[in-house]
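What you see is a predicted model; the values in this text were computed from it and never measured.
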Amino acid sequence: MDPRARHGDGSPARSAARSATQTTDRNLVRSMVDAGFYGGMIGCGETYFAAFALAAGLGETAAGLVASVPLVTGGTLQLISPWAIAWLGDLRRWIVLGAVLQALTFLPLALAAWQGSISMTVLLVLASLYWASGLATGPAWNTWIERVVPDRMRTRFFSRRTRLQQTTTFAGLLLAGGALQWCSQRGWEFAGFAALFLVAAGCRLLSAWQLYRTGELPPASRGVRVTAKSRRRPKAWRVIAAKRLLVYLVLMQVFLQFSGPYFVPYMLEQLDFSYGTFVLLISLAFVSKVVSMSMWGRVAERAGASRVLWLGGVGLVPLAALWIPSSNVWWLASMQVLSGVAWGAYELGFFLLFFETLPADRRTQLLTLYNFANTAAMAIGAAAGAAFLYHFGLSSRTYHGLFALSSVGRLACLVVLSGIRLPRLQLHSIRLRVLSVRPGAASMAAPVIASASPAEVADSPTPPQPPRGGEPS
């Protein structure tokens, strides 16, 4: 028998390796294209739900509620997604189904925008379907993407993928804002909203097509990442630290959302800003958050993730109240830059510590439960803010009271954070997916679990040691 039949260029082993490499290359390209179109959808889609509510005459409190309350539906559906996946029999089917449904929610919105009217009930239902179809597939996507991207390539790949999504989100945000400003100046405001929603639907459908075409690698080609203590039962103090950290984050979310959803109606109605100014302020917060991530990553290396979370938590305290002294655009622009920097520290510190304090084999499950509690907290905070505005009347003075109370509540939450004993374990890096762009929160993001690169585990609750490796972005 010719030895080349077993060991030469035509050997089964060589052919299998070449096939796996080609599959990987195609998967990575398709995932990058998915990220690009997904970012485009965010930039010109959900970001403008609240603005559309105001244009349709639904009122300022309705604009705030539509940006927050529908999230509860998505958070709830995450809890039942394991049963849905089992019924469908495949992770990818569930993910693609969610992406297609998310795209389809924009079509009735585009029709309503073209007609120039929509009811509050219909808008809330459509926004709920948007978030339900998106958030419910998040845990499944995190599990599935680990089967798509080999372990050895994850750090560099997810870094590039994150940057691409951030870039297309920002580009979509600017182009959509500019188009809406141009249309409104010519009396075509509703036509502008209709066009934005159609573009968002197209972007998400193209994203879903790339997800559908992406295939999983054989188990042997994926790589396995196991930490030394991933199978050990966590110590009691680590469990307590994780619980108190989650309590702090959920309580903080209540007070963040008490004012956060109402920056849009405050800018567009009370301050009478144009769509161009509105998008400019949102963009400043988003860009400053993205840029500051590298800086906060270096701080985390030197001082630990707990210090970064503390700096972010303290930085978020006065930001709502700082909208009170002046309505000057330059003053608010500087506040948005500070907001982005503070949110960058808060989110990076939170996600790093989230993965440090939670057992590795339960992160996906616990992240799902946290997402449910987090979205519930967002709805509670937004509803409380709406009740405050309804009771005291829609005026600049009432908004200022709302902002002041939000800052007081954020300050009170630091009491919970102050008692948490944090572990020494440190992550090399973690990448985030942008889910939404908000004026009061810079953006909403979710971690890519496959990008978490754990360092050596230590049991001591002393401050974390500097990690080695890439910076979060």
Side-chain angles (χ1 to χ4, degrees), residues 37 39-60 62-64 66-67 106-107 109-118 123 127 130 166-204 260-290 323 326-337 339-340 396 399 434 436-444:
F37 282 117
M41 177 201 70
I42 293 172
C44 62
E46 190 272 343
T47 303
Y48 294 94
F49 282 3
F52 176 53
L54 290 171
L58 298 183
E60 297 172 42
V66 78
F106 287 106
L107 299 183
L109 282 170
L111 178 61
W114 181 258
Q115 295 174 340
S117 65
I118 191 172
L123 184 56
Y130 170 88
Q166 291 169 342
T167 300
T168 56
T169 299
F170 180 63
L173 188 67
L174 290 183
L175 291 174
L180 195 57
Q181 174 72 15
W182 185 84
C183 289
S184 64
Q185 290 175 343
R186 287 157 178 78
W188 305 338
E189 184 177 19
F190 287 110
F193 279 113
L196 294 189
F197 294 150
L198 286 175
V199 170
C203 285
R204 191 49 167 154
Y262 302 101
F263 286 111
V264 173
Y266 179 68
M267 285 189 284
L268 294 179
E269 294 294 321
Q270 296 297 322
L271 302 183
D272 198 27
F273 285 166
S274 66
Y275 288 120
T277 302
F278 165 69
V279 171
L280 173 64
L281 292 175
I282 295 180
S283 300
L284 285 173
F286 180 74
V287 171
S288 63
K289 177 181 176 179
V290 170
W323 281 66
S326 173
S327 60
N328 180 271
V329 173
W330 294 107
W331 168 263
L332 297 181
S334 64
M335 292 305 100
Q336 285 294 86
V337 172
S339 175
S396 294
Y399 275 97
V434 178
S436 178
V437 180
R438 303 294 175 90
S443 66
M444 290 176 56

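A distance of 11.5 Å separates OG in Ser117 from CG in Leu123, rounded to the nearest 0.5 Å. Rounding to the nearest 0.5 Å places OG1 of Thr277 at 10.5 Å from CG of Leu271. Expressed to the nearest 0.5 Å, how far CZ of Arg186 lies from CH2 of Trp182 amounts to 5.0 Å. The distance from the CG atom of Leu284 to the NZ atom of Lys289 is 14.5 Å, given to the nearest 0.5 Å. Put simply, OG on Ser436 and OH on Tyr130 are 6.5 Å apart, with the number rounded to the nearest 0.5 Å. Expressed to the nearest 0.5 Å, how far CG of Leu268 lies from OH of Tyr275 amounts to 6.5 Å.
With contacts defined as side-chain heavy-atom distances shorter than 4.5 Å, the pair Gln181/Ser274 qualifies. A 4.5 Å side-chain heavy-atom check between Phe37 and Thr168 finds every atom pair outside the cut-off. Val199 is not listed as a side-chain neighbour of Leu175, based on a closest heavy-atom distance of 4.5 Å or more. Proximity of Ile118 to Leu109: side-chain heavy atoms (C-beta onward) are separated by under 4.5 Å at one or more points. Looking at heavy atoms from C-beta onward, Tyr262 lies out of side-chain contact with Gln270 at the 4.5 angstrom threshold.
Not a single donor-acceptor pair under 3.5 Å links the side chain of Ser339 to the backbone N or O of Met335. In terms of modelled atom types and a separation under 3.5 Å, the side chain of Thr47 and the main chain of Ile42 share a donor-acceptor contact. One N or O on the side chain of Tyr48 and one on the backbone of Gly177 form a donor-acceptor pair closer than 3.5 Å.
The shortest heavy-atom contact between Ala194 and Ala113 is N-CB, 3.6 Å. Of all heavy-atom pairs between Gln166 and Phe286, the closest is O-CE2, 3.6 Å. Across all their heavy atoms, Val337 and Ser288 have their closest contact at O-OG, 3.2 Å. Minimum interatomic distance between Ser283 and Leu174 (heavy atoms only, all atoms of both residues): OG-CD2, 3.4 Å. When all heavy atoms are compared, the tightest approach of Gly45 to Ala200 is CA-CB, 3.8 Å. Of all heavy-atom pairs spanning Phe273 and Ser327, the tightest one is CZ-O, 3.8 Å.
Using bins of under 30°, 30° to 60° and over 60° for the plane-to-plane angle, the ring pair Tyr399/Tyr266 lands in the tilted bin. The aromatic rings of Phe52 and Phe193 are tilted relative to each other, their planes meeting at an angle between 30° and 60°.
Remark: Glu269 engages no residue in a side-chain hydrogen bond (donor to acceptor under 3.5 Å, both in side chains) (not counting sequence neighbours). Scored by the side-chain hydrogen bond (donor to acceptor under 3.5 Å, both in side chains) test, Ser334 finds no partners at all (sequence neighbours excluded).
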